[in-house]
Enquirer: 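The structure is given below, and queries will be raised subsequently.
Predicted model only: the values in this text are computed from it and were never measured.
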Number of protein chains: 2
Amino acid sequence: METQHSTDSVSNIAAVERDTGLSKDTLRVWERRYGFPVPLRDANGDRLYPSAQVEKLRLIRRLIDQGKRPAKVIGASTEELLALIGDMPDSSAAATANHSMLQYVRLHRSAELAAALRQALLKQGLQRFAAETVAPLNEAIGEAWMRGEIDVSEEHLYTEQVQNVLRGAIGAHIGAGTRPRVLLTTFPDEEHVLGLLMVEATLVAEGAHCLSLGTRTPLPDLRSAAVDGGFDVVGLSFSAAYPSRQAIDDLLQLRAMLPASIAMWAGGSAVKGKGKRLPDIRVVDSLADCVTALAEWRVAHLG
Amino acid sequence: METQHSTDSVSNIAAVERDTGLSKDTLRVWERRYGFPVPLRDANGDRLYPSAQVEKLRLIRRLIDQGKRPAKVIGASTEELLALIGDMPDSSAAATANHSMLQYVRLHRSAELAAALRQALLKQGLQRFAAETVAPLNEAIGEAWMRGEIDVSEEHLYTEQVQNVLRGAIGAHIGAGTRPRVLLTTFPDEEHVLGLLMVEATLVAEGAHCLSLGTRTPLPDLRSAAVDGGFDVVGLSFSAAYPSRQAIDDLLQLRAMLPASIAMWAGGSAVKGKGKRLPDIRVVDSLADCVTALAEWRVAHLG
DNA sequence: ATTCAATTTTGTCCAGGACAAATATCATGG
DNA sequence: CCATGATATTTGTCCTGGACAAAATTGAAT
């Protein structure tokens, strides 16, 4: 019943599950089938994972989330995995991101980061700030994390500062009474919040009335919130880690629960290009496409 | 808004784990030992939990988090559980909470809620707003949720609106260069964010320099962030659900990793009254006690 | 090239046993 | 009476090894 944290020695299986996102069952079956990881054992026969194996598991997890197959990556050495990461498609996001902000994250310069974010917001306005500053930064941070160039606390610092700035700006736009009324959230297995905030910022800047429920809203609760609140649109956000199939199933299930008068919009890499399999759901490609979807809705419903 | 009564759907064991916080192992062993829950089975023998059983499991989970023992509550009927909840000690928080705000939450009146929160902030100032408005509201919401008077989407709506207001106000206080420099976060198994934000608001209002890393920071990352960032204090927040023993173990482990020059403060019901077992850690009783701890630090370090 | 069927891969679930940490109970001494 | 410590019970987590279906890949046929 011990729950230890990953010091640089060993972690129990519960800590590895928490830190890698791989279930205990998956960890055991990988060991049985692929011969990795091979944890030590304590006096009671319980698995103890050295931190090097946990690190490698996190790399493997990220690669699988991006489409690699377990059999192809589990056997590889840590060096080969890092090489694979370098080959991943959009490894150029860092180039378009604001370089000094990235440095502030790496150096734990939170005050400078916050100041730079606020300055960019003032200069660009909320909408361009979300699309041209936050979005590329998110990608650059994700890639840097995968390469081990930044650690969890730096990623957290970044997320917190961006949240503070975006929420402050969103709160300043009081768009009560405007249309459409958009309800934003994620499904119960999706916990990434920044995508949602960026969409909210983009829509609010266009004069829509937005309400975000944050992450992980159960479907029945989401349905009643949308119906009772008189919303015109329900927006769902997905990160790259969300299984595409599950996204489609969940969306169709929600679509069947909602009256046809409430539109559904879905965005994120899990639904990219899946428009054909999602009838009556507007697949949103990008933040810019949010604006288009908004304009379409207004033409259709407000004349 | 009445209890969202049974949608007569069923959940698999993974969904129940996600929605109740009870592990798959725990769900199976309860079934074996106590005869509850007794899920249906699908064609393959996999468990299917009716929503009524999931609801009851959530009640049981909350009661156990508050100190009840499983054997005492698992056998009880849903009615008996609700009676137990009525008997819980601090069932009077609702009385001190702002009643109209609670109504806004129940009625999904997000715009009115946001306006009321902002008005209270302006009237009370940041510090009293956190202590006298947000803290009682948190308790009242928690109790109402337990009684089934509000659902997940309403709790989310509340959390989002409070976050927006608190983060906006915190962002407005730019306390760079002031002392002490306080690093705030939670341990990896603690995901409640509002406690952290309330502490940050309280300290920032007293002119401290605060940086929050949000929730779930691994200990090694927390250590390096505190040391590299030149922080004077590391503050940890715990909710009622955090096992007291684990909180003590984790705090002592972190204490051993940090240099003596960095103070540690811990707050929340999991550490209440445990001061004797936490040498060299300042146990903070309440938001008001945060201010005392701050004053103590300043006397000791700044003369 | 597209569709469809067969095959392999992969994650999740199951049963039932075991163990140690957490908690309660009880005895003893201040 | 409270405190301390020994003993018993409760409780959550981990184990093994088997099974199955959904997803992805491969191969065949149109």
Side-chain angles (χ1 to χ4, degrees), chain A residues 1-4 10-18 20-36 39-49 57 60-61 63-75 189 241-249 270 274 276-277, chain B residues 10-18 20-36 38-49 57 60-61 63-75 189 241-250 270 274 276-277:
Chain A
M1 231 174 337
E2 73 280 25
T3 306
Q4 291 178 351
V10 293
S11 306
N12 63 21
I13 197 170
V16 177
E17 177 181 49
R18 186 193 60 210
T20 64
L22 299 166
S23 75
K24 292 167 189 163
D25 278 325
T26 300
L27 289 166
R28 294 194 193 102
V29 86
W30 280 8
E31 183 179 342
R32 207 195 303 167
R33 287 190 188 140
Y34 309 117
F36 182 88
L40 310 173
R41 300 290 180 136
D42 70 8
N44 193 36
D46 290 7
R47 291 172 174 78
L48 294 177
Y49 295 82
L57 285 168
I60 290 170
R61 170 66 201 262
L63 286 165
I64 290 173
D65 284 347
Q66 303 200 357
K68 289 274 186 296
R69 300 216 67 185
K72 306 280 183 186
V73 290
I74 292 184
D189 285 324
Y242 208 91
S244 189
R245 173 53 186 263
Q246 192 188 341
I248 293 167
D249 287 352
K274 306 288 179 184
K276 290 176 190 172
R277 302 175 60 182
Chain B
V10 293
S11 307
N12 62 21
I13 197 170
V16 177
E17 176 181 51
R18 186 191 62 208
T20 65
L22 299 166
S23 74
K24 293 166 188 164
D25 278 326
T26 299
L27 290 166
R28 293 194 195 103
V29 87
W30 280 9
E31 184 179 341
R32 206 196 304 165
R33 287 189 188 143
Y34 309 116
F36 183 87
V38 190
L40 310 173
R41 300 290 180 138
D42 70 7
N44 192 37
D46 289 6
R47 291 171 175 79
L48 293 177
Y49 294 83
L57 286 169
I60 291 171
R61 171 67 201 264
L63 286 166
I64 289 173
D65 284 347
Q66 302 201 357
K68 288 276 184 297
R69 300 217 69 186
K72 307 279 184 187
V73 290
I74 292 185
D189 285 324
Y242 208 91
S244 189
R245 174 54 186 264
Q246 192 187 340
I248 292 168
D249 287 352
D250 293 348
K274 306 289 179 184
K276 290 177 188 171
R277 300 175 63 182

Enquirer: With rounding to the nearest 0.5 angstrom, report the NZ to CZ distance, B:K274 to B:R245.
Expert: 10.5 Å
Enquirer: Considering only side-chain heavy atoms of A:N12, which listed nucleotide, D:dT11, D:dC14, C:dC14, is closest?
Expert: D:dC14
Enquirer: So how far is it from A:K24 NZ to B:D25 CG, rounded to the nearest 0.5 Å?
Expert: 6.0 Å
Enquirer: From the list D:dC14, D:dT11, C:dG17, which nucleotide is the closest neighbour of the side chain of B:R32?
Expert: C:dG17
Enquirer: Round to the nearest Å and state the distance from B:D189 atom CG to D:dG12 atom P.
Expert: 16 Å
Enquirer: Does A:R47 make a side-chain N or O approach to OP1 or OP2 of D:dT16 shorter than 4.0 Å?
Expert: yes
Enquirer: Hey, which sits more toward the 5' end of DNA chain D by its nearest nucleotide, A:I13 or A:R33?
Expert: A:I13
Enquirer: Could you check how far CD of A:Q246 sits from P of D:dA24, rounded to whole Å?
Expert: 12 Å
Enquirer: Specify the separation, in whole Å, of atom CG of A:D249 and atom C1' of D:dA22.
Expert: 11 Å
Enquirer: Taking the side chain of B:N44 as heavy atoms from C-beta outward, which of C:dT10, D:dA21, D:dT11 is closest to it?
Expert: D:dA21
Enquirer: A:L48 has an atom CG; how far is it from atom P of C:dA20, in whole Å?
Expert: 14 Å
Enquirer: Using modelled atom types and a 3.5 Å cut-off, is there a donor and acceptor pairing between side-chain atoms of A:N12 and backbone atoms of A:A14?
Expert: yes
Enquirer: Nearest whole angstrom, please: distance from the P of D:dA23 to the CD1 of A:I248.
Expert: 10 Å
Enquirer: Once you round it to whole Å, what is the distance between P of D:dT16 and CD of A:E31?
Expert: 7 Å
Enquirer: I would like to know whether B:E31 and B:R41 meet salt bridge (charged side-chain N to carboxylate O under 4.0 Å, His left out); could you show each step before the answer?
Expert: CA-CA 13 Å; B:E31 184 179 341; B:R41 300 290 180 138; 3.3 Å; yes
Enquirer: Look up atom CZ in A:R28 and atom CD1 in A:I13, then write down how far apart they are to the nearest 0.5 Å.
Expert: 4.0 Å
Enquirer: Mind calculating the distance between CZ (B:R69) and C1' (D:dT11) to the nearest angstrom?
Expert: 7 Å
Enquirer: Think A:Y34 has a side-chain N or O under 4.0 angstrom from the OP1 or OP2 of C:dT9?
Expert: no
Enquirer: Of the residues in residues 21-30 of chain A, which ones touch DNA chain C at a heavy-atom distance under 4.0 Å?
Expert: A:S23, A:D25, A:T26, A:V29, A:W30
Enquirer: For A:R61 and A:G21, indicate whether the former's side chain and the latter's backbone hold a donor-acceptor pair under 3.5 Å.
Expert: yes
